[in-house]
Structures are given as structure tokens and as C-alpha cells.
Amino acid sequence: MSVKIERHVQTPAVLADIHPVLSSIYQARGILSSDEMNHELKDLLPFHSLFDIEKAASIIADAITAQQRILIVGDFDADGATSTALAIRALRLFGAHEPCYLVPNRFEYGYGLTPEIVEVAQHMQPQLLITVDNGISSIEGVKAAKNAGIKVVVTDHHLAADELPVADAIVNPNQPACQFQSKEACGCAVIFYVMTAVRIELRKRGWFAQRQEPNMAQFLDLLALASVADVVPLDKNNRILIEQGLKRIRAGKAIAGIQALLKVGGKNATNLVASDLGFAIGPRLNAAGRLDDMSTGIECLLTDNMALAQQYAEELNNLNEERKNIEQGMQQQAMNWLQANNLAQFDTQSGNQDDRPWGQCIYDADWHQGVIGILASRIKDKLHRPVIAFANAELAEGLPASEQEIKGSARSIPGLHIRDALDILAKRHPEILTKFGGHAMAAGLSIKLAHYPAFQREFDVICRELMTKDQLDQVIQSDGELGESDFNLNLAGLIKYAGPWGQQFPEPIFDGCFQIINQRIVGTNHLKLTLGILGTQLCVDAIAFNINLDDWPDESCQQIECAYQLDINEFRGAQTVQLLIRHIRKL
């Protein structure tokens, strides 16, 4: 895999009242005015442009005022867990009669509102069923619920197919008729907007004359967590939700479950940044849905008892450690297979990129179905190609092995919209794909094991059609070279809290050339360096985490070019500037 460093186009203009380096960073991300980085709640998009939202609010308000049983059907990832928790918490505050939830077990039922889940749901005797973070592709499931006499409101954010479910209302910014500007809202944001509309509807009906009207700002911590964990692109609306949620958490106003998860993740709430939610909480919450039952994660987010929240957080932490062990074994198996097939390493200077798949599929009958998404992401990062990892689904009783279904989790790179690629494949070869759904960068799918060779072949064909060879090279977008006076704690602190940073609004990366003063391995595979800035007398500490020792300079190397983030290292109460190395090249 070839890695190139490309600099953003630099502009001489400086945004008002902003550090020149930060001004350049913002402008490279499309920010044309300092006002665009004001993340106030008043600037949130109103809910009114979400198609069907008034209809959905009216249906839900009817159920609340009639004291009917409302059932939330969620998803088994962090976005689904936060969406479910937000919906239940809001309904309780609104005075709904014993709202309950149901999350399909990934191994038994798979994703979404299926007819089988509706059958389970019927035992809970709901009059209204609300999906969160799923439902837009649940054609048969919605039909089954309606046939059972249950009203259905679908709230989702996944891309819609040609056919929509016949629900009583559908709220999804990505359905064709919707004019809502933030198409990148996560599932939790969608149900937040729906519940905001429900509150307005209940207010109109005088429902809060006898009870306290809740403040929707209390859900911002859940919204921040969901938006970061689901890796949604950070348009302004999502940045507002995340920044306001972070402020709430830093101020000590987070729900007990988030506080407990931060504690087991070793994070201090007072200086929390968006990436902490993604690395410390998201994986622990996701671990429940990957290995066990997401109910543990949801209960952690629902309880207001700190001791109980801590107990749930410890359970989630243990599941995450188990997930890590499983993933490491799977990743080693995958890399061994890629090495054996001469696919793991590829020198673009000495070989033809056409010799290996542009779209890579990997499968093993013993892989854990709940971990293939992480595996696909790890292999995608190593190869810089779209990757789909497959594992066996549960084999239904009475079916021959030839009918074995396998489930895939896809991760893509810039240049390939993975759901669109799967849609093309499904239209060309309807016999291959059983079902699929997802986003531009991630998707899930099911196929018969017998169709795996054909799927491999056709997926690669479509990747070659939709991509160019240049897109197979990893490109690191740099914000340029820092001057000698920029290596200071003030600028590092400004950058750290100037985001929130995330998908399509990336944390700044700089590049430059340095003299290696000394280097040593710390831990098992982290490289600690002291670097001299060429042309100056200044030295700066640097670290590269989880390195492949074969890829890094030996003792004979004196000078390097590297891409890095300007960071702050805290040790024994003291703060120093530290560079986080993202790529290195010998000079």
C-alpha cells in the first residue's frame, strides 16, 4: 500500500478572532466564517422539515394520553442502545404507561424488525411499536406487525431502498421525500427529534398542566455518544449535538451509565473530547451487542443508580476485553490467509495493482459473527481497500449445509460508497444477495455460502468500475507545516478543544522533517522519540503507538519526514507538547 501526504490548499485569509493556524485548519474543512464554529443549541436544525414527524408525534402522543403500551425495537450497536435508552427515558418523563423495549439478539434474529421479532413482540402486547436506528428496510416485519393490529412508527437514518415499509409513519432524513438538511444524523438524533416533536404535541394538548414538562437538553450526553460512536460525518448539526453533549458531560451532568463507562475506560470527564467517547465508551457499549445481549448496555444507560451503573459498566468492560481477544485471533488468521495468498503486502512500485482484488472478501467458518465488523475495519486499514468479512450465521434446523447463510460486515475507503456498490450487485445478480443495508462507509449483508465465490468475483468487478487506481493509495491530508513558534501548549490546547473532530471533520494533521535525537521502544510496540526540528535548536517529544517495527527507522536513520498530530502529554501533573506520529518516511 502506497501512502502519500497531500496538503490542504492553504488560504492567506484569517477568520476573525481565531489563531492563524486554527483559521487555516477551519477553512480547509469548508468553514468560511468564525460564526460557523459557534455550536449553540439555538442553531440546531428545527424538526419541522423531517418528513412525517408531525404525524409520528401525533400517533405517539395518542398512545401516551390513552396510556397504551409502547414498545421500542432497537438495534444492537451503540447508536441503537443510546436510541433505545433515549426513547424509554423520554417516554417515562412524558408519562407513558410502562414503556418497554426489545432488541433482537444478533445471533438468533439478526438485524432489524423481522417477522420473527414481531412474533416475540406480540407477547409483550404493545399497541404501538416504534423502531429506533432500524426499520427502513423492514418491509416484511412492518407488514407482520400491522397484520397483528400493532401501529408502527419507524425512526431510522439508514439509506432507504426503492421500496419503503407500509408503516403508520416513517421519520428518516434519508427517505426520498425528506427535506431535512442533516442527512448525516445518527439514529439517536432522529428519535431525539421525534421525541422533541412529541413534547410539543403533548404541550398543545395540555398534557403538562398536571406534570412537569421535561427539558430535552438532558439527552445531549446520549446524543454526543451516539454521534461519535456511529462515526457519522460531522456536519454543523452533528457538531452542535456533540459539543453540547460534551459540555454537559464535562460539567458532571452525564447520566450514571456514561459516568460509569468513563470510569472503567480511565477517562476524566472534566477534559473529555469527542474521540474519548469513540475509544473509551463506544467499544465497551458495542461489546454487549457483539458478544452477548445489548440489554446490558441499554440497562447501563437507563439506570440512575450509580452503583448499579458501575456494575453494568464492569460487565461491559469484561465483554470488551473478551472481544479484543477474539478479534486478535481473527485478525491473525485473516493476515495469515492474506499472506499465504500474497495479498497482505503489495508494493505498488514493483507490481500491478490489478493482480489483487480491489474489493477484498474474507471468510472463515469459525469466525465470531459479532466481531467481523471490527475485523473488516482493521484489514481495510492495512490494505486500504474495501473489505467485507464474513462469518457463518446460525443454521436453521432441517436445512442442509449447502443452504448455510453467511453474514458479512463491510467497511469502505474514500471513493467507494459501499451500500451503493451492494445495491448495484443486488440489481445485477438478485440471486446472490439475500439482504443488505447500510451507509457510504459501512454496511451489513447476508448471502448463501454457496454464492460466496460468485459474490467475491462480482464485488471486485463493481469496485473496479466505481473506483480509480489512485484511490487505492492511502492519502494523508495534512494541514501543512508548523513554524518553530507553533510547538507550544497554547496551540495544542486550542486545537484539542476546537472541534469537535471526527468523520469528515478530521482532527488536524501536520507534516514536516525532523532530526532523530533518540528513539526507544516502550511497552510492547510503541516507539518513543525525541525529535529536533530542522533548522532550529528546538526539540520535541513524539510517540507512535502500535507500530510494526519493520516499517520504522532503524538506528542508522538520522532524518525523517512524518505526519503527526500536535498533542498534550500529561505525566505526574505536568503537561508537555507531544507529537502523535501517524506516518513516517526515512529521508
Colleague: Is the shortest side-chain N to carboxylate O distance from Arg29 to Asp479 below 4.0 Å?
Modeller: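 A salt bridge links Arg29 with Asp479.
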Colleague: Relative to each other, are the rings of Tyr452 and Phe390 parallel, tilted or perpendicular (30° and 60° limits)?
Modeller: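 Because their plane-to-plane angle is over 60°, the rings of Tyr452 and Phe390 count as perpendicular.
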Colleague: In plain terms, say whether Asp235 and Arg239 are close enough for a salt bridge, that is, a side-chain N and a carboxylate O under 4.0 Å apart.
Modeller: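 A salt bridge is absent here (no side-chain N lies under 4.0 Å from a carboxylate O).
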Colleague: Would you be so kind as to tabulate the donor-acceptor pairs closer than 3.5 Å made by side chains of residues 486-497, with sequence neighbours excluded?
Modeller:
from: Asp486; atom 1: OD2; to: Gly483; atom 2: N; distance (Å): 2.9
from: Asn488; atom 1: OD1; to: Asn490; atom 2: N; distance (Å): 3.1
from: Asn488; atom 1: OD1; to: Leu491; atom 2: N; distance (Å): 2.8
from: Asn488; atom 1: ND2; to: Ser485; atom 2: O; distance (Å): 2.6
from: Tyr497; atom 1: OH; to: Asn271; atom 2: O; distance (Å): 3.2

Colleague: Under the 3.5 angstrom rule, does the side chain of Glu321 hit a backbone N or O of Asn317 as a donor-acceptor pair?
Modeller: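 Answer holds: no.
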Colleague: Within the 4.5 Å heavy-atom criterion, are Arg419 and Leu159 side-chain neighbours or not?
Modeller: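 In short, these two side chains touch, coming nearer than 4.5 Å.
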Colleague: Should Asp133 and His158 count as side-chain neighbours, where that means a heavy-atom distance under 4.5 Å?
Modeller: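 In contact.
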Colleague: Is there a side-chain contact between Val371 and Leu291 (heavy atoms, below 4.5 Å)?
Modeller: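 Counting from C-beta outward, Val371 and Leu291 do come under 4.5 Å.
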Colleague: How far apart are the closest heavy atoms of Arg290 and His368, and which atoms are they?
Modeller: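 So the two residues come closest at O-CE1, 3.2 Å.
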Colleague: Say whether, by atom type as modelled, one donor and one acceptor occur between the side chain of Gln27 and the main chain of Ser23 under 3.5 angstrom.
Modeller: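 At least one qualifying donor-acceptor pair exists.
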Colleague: Would you say Asp567's side chain and Leu580's backbone share a donor-acceptor pair under 3.5 angstrom?
Modeller: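 Not at all, since once roles are kept as given, no pair shorter than 3.5 Å links the two residues.
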Colleague: Between the side chain of Gln471 and the main-chain N/O of Thr468, is any donor-acceptor distance below 3.5 Å?
Modeller: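 Side chain of Gln471 to backbone of Thr468, a donor-acceptor pair under 3.5 Å: yes, one is there.
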